[in-house]
Every structure is written in C-alpha cells, then in structure tokens.
Amino acid sequence: MKTLGKIILAGIIGLCTFSGNGELHAQEVKFEQLFKQTHQTARGASRQGAAIFDKYLFQFHNANRTIAIYDMETQQLIEEIHTDTESKTYHCNNAGFGTARLAKSDFFPLLYVSMENIKEHKVLVFRIQKEEHFKISCVQTITFPAPDEIGVYYPNMVLNNEKKELIQMGYKLNSFNSKTPNNQIEIVRYKLPTLDKGDVILKADDILGRFHIPCVSATQGAFCKKGKIYQVYGAPEGDWGIHFQCINLKKQKVEILEDLKAKGFPTEPEGFSVYKGSFICCGVDGSVFKFTIKK
C-alpha cells in the first residue's frame, strides 16, 4: 500500500523501556521505507555505514572505494565520489559526523568512519568539501589498542559529541555471534583526539571507562544522542536475527532491545543516523527507512 509515495513496511513495533524502579513502559515504533538508493555497487563493495549532516546522506561501502551522496529532501542521488583510501580490509561499518572542522569555512564537520574488521582496529577521519563537486580527503587516522590487548574484537566507533568522547564497541571474544558462550559487547570510552594531534595510536592507559552488556549478534550502524547509544544489529540470514537497541551510557544498561526481524524488517540494517529528529536506517539493499518512536 502506497501513501504519498512512501511504502509502509510495518505497522507498530512494540518496545519496552525500564524506569528507574524497574517498571516496564511500552513504546511504539513505526518504520517506513522513504526511498531506495539508485546507485549500483561493485562486486565486494556492499553498502555499509552511513551518516547524515544537514540534508546530505553519505553512504559508505565495503573496501571504501566510493561514497554515494543523496539529498534527503529530494531523495535523489547527488554524486558518487571516489576515495584515495580504498582497501580490502576496510569494512566502513559505521560512520558519524563530529563537531570540529578543519577550516572554519568548511560546511561539513569532520566525518569519522570505523572499519569493524578483525585486521583493522582503526577510525578514518575525513574532511568533506562541497564545491562544484564533492571532495573527500583523509586527514587523520585513530587506531584503537590491539583487540587481544584490551579484549575488544571487531571494534566499532560511536561518537559522543556532547562529551567529546570516542566510544569503542566490540566483542569480548573473537566472534560477533551472540550464541558464542560467554561473549558480550564491550563499551569503552576515550577522549576524542583533536585534529592537531595528527595520527593517533590509542593505548590501554587512555581508556576513561568501560562496561559490558549482553551480546547481540553483528553490530551495525550506531549513533549517540543525549547520553544514549542507538544501534541496529544482525542480518536476515541464519539465526542472528535483526535487532534495535538503546544503551544508556550513564546507567551502563540496556533500555530497549527489540527483535526487528520478528516484526517484519525486511533487510540487513547497515547505516543508522538522524534526520529532522527521526532515526534513519539504510539497508544493504539500498532501502532507506524512517523509524519513529512514540512514547
């Protein structure tokens, strides 16, 4: 059924959050497909992380060969640009905009992209320039401590811009499967390195704090807003499931965990961002969804 050109894919997803006294409070989440990305992906270059600033959606891909840029207002492809940092080991699992700019005249703040590859425990920091054509350049590399040094495998990056912190999310064990016994998701906080520091190699001594939560399979896109991490997980194949989760950083606990696959979410979720107060999820098949949470 089509409504104003948008395909309503699901009705209501029931969620629950916990109050301070442990009581459950029901929520409603509606998700609908806004549009579908039209660019073609090369073999081995599936859609991965995505980030939105102003009206511009930046869609990254596995191996980081190209970035597709969409206008959220017109829902049209603006441009597809090539990067100079292509690598088979770059997964580009999550992307997010910071607040700092390389130059005061830059329209876009710095854009951070994490790899979540067992061989790559790093974050690439990009400058985006908008002239006649878009231009992207890598201006900093931030490397996390080695996975076996701190017990954080397949590290994902989330920015807490309000605290100027870089959050590392990964798995206690060398597996991203929740059915692996004794596995859990580790959440580790660092001070966000400033651009004047150049390339940075973080050490265990740089950790500001850490905690863990129960394991959920296959971390995907995530962002942090008002002290809470919102993230999607999983894939339709196998028994991983597809999930949406909200993590309260101050309370160090999960407030929402919902099985999206059981509610009919149709594809592997990848990028997760915010546009005009709504959660935007980009699927591996190019579908762009809007999540609306009603308390």
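Hydrogens, waters and symmetry mates are skipped; everything else that's a heavy atom, side chains included, is used.
The only option from F211, F176, Y233 that meets the side chain to side chain contact (heavy atoms under 4.5 Å, CB included) definition with I185 turns out to be Y233. Of the candidates F223, F97, F126, Y112, F53 forms a ring pair (Phe, Tyr, Trp, His ring centres under 6.0 Å) with just one, namely F97.
The environment of L208 atom CG is dense: over 12 non-hydrogen atoms of other residues, nucleotides or ligands sit within 6.0 angstrom. Heavy atoms from other residues, nucleotides or ligands lying under 6.0 Å from CZ of R127 number more than 12. Within a 6.0 Å sphere centred on CD of Q40, heavy atoms belonging to other residues, nucleotides or ligands number 12 at most. Annotation: N182, atom CG; neighbour count of heavy atoms from other residues, nucleotides and ligands within 6.0 Å does not exceed 12. Residue-environment remark: NZ (K130) stays at or below the threshold of 12 foreign heavy atoms within 6.0 Å.
One finds the NZ atom of K263 at 10.0 Å from the CZ atom of F31 (value rounded to the nearest 0.5 Å). Atom NZ of K225 is separated from atom CG of L159 by 13.5 Å, given to the nearest 0.5 angstrom. Within the model, atoms CD1 of I150 and CD1 of I207 stand 4.5 Å from one another, a figure rounded to the nearest 0.5 Å. Here the CG atom belonging to D71 is positioned 6.5 Å from the OH atom belonging to Y56, to the nearest 0.5 angstrom. Taking CD1 from I280 and NZ from K290, the interatomic distance works out to 7.0 Å, rounded to the nearest 0.5 Å. To the nearest 0.5 angstrom, I136 atom CD1 is 10.5 Å from T66 atom OG1.
The list of salt bridge (Lys or Arg N to Asp or Glu O under 4.0 Å) pairs with a residue in residues 153-182, not counting sequence neighbours, reads E165-R189.
Using the six-membered ring where Trp is involved, F265 and F291 have ring planes that are perpendicular, over 60° apart on the 30 and 60° scheme. Relative ring orientation between F244 and F279 is described as tilted, the plane-to-plane angle lying within the 30° to 60° band.
For the pair F144 and L166, the tightest heavy-atom approach, listed with the atom from each and the gap, is CE2-CD2, 3.8 Å.
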Q.
Please determine whether side-chain contact (heavy atoms from CB on, under 4.5 Å) holds for the pair I67 and C92, giving the CA-CA distance in whole Å, both sets of side-chain angles, and the decisive distance to 0.1 Å.
A. CA-CA 11 Å; I67 303 166; C92 300; over 6 Å; no
Starting from the C-alpha separation in whole Å, work towards a yes-or-no answer on side chain to side chain donor-acceptor pair (under 3.5 Å) for N64 and E86. CA-CA 5 Å; N64 200 33; E86 179 181 355; over 6 Å; no
Requested in this report: Could you walk me through whether Q59 and Q37 pass side chain to side chain donor-acceptor pair (under 3.5 Å), step by step?
Outcome: CA-CA 9 Å; Q59 176 66 66; Q37 297 174 2; 3.0 Å; yes
Side chain to side chain donor-acceptor pair (under 3.5 Å) between S287 and D285, intermediate numbers included: CA-CA 6 Å; S287 300; D285 66 348; 3.1 Å; yes
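Q48 and H91 share a side-chain donor-acceptor pair at under 3.5 Å. T219 and E116 form a side-chain donor-acceptor contact under 3.5 Å, judged by distance and modelled atom types alone. Judged by distance alone, the side chains of H39 and H61 do bring a donor and an acceptor atom under 3.5 Å apart. In this structure, a donor-acceptor pair under 3.5 Å is absent between the side chains of E73 and Q75.
There is no path of hydrophobic side-chain contacts, each under 4.5 Å, that joins L110 to I52.
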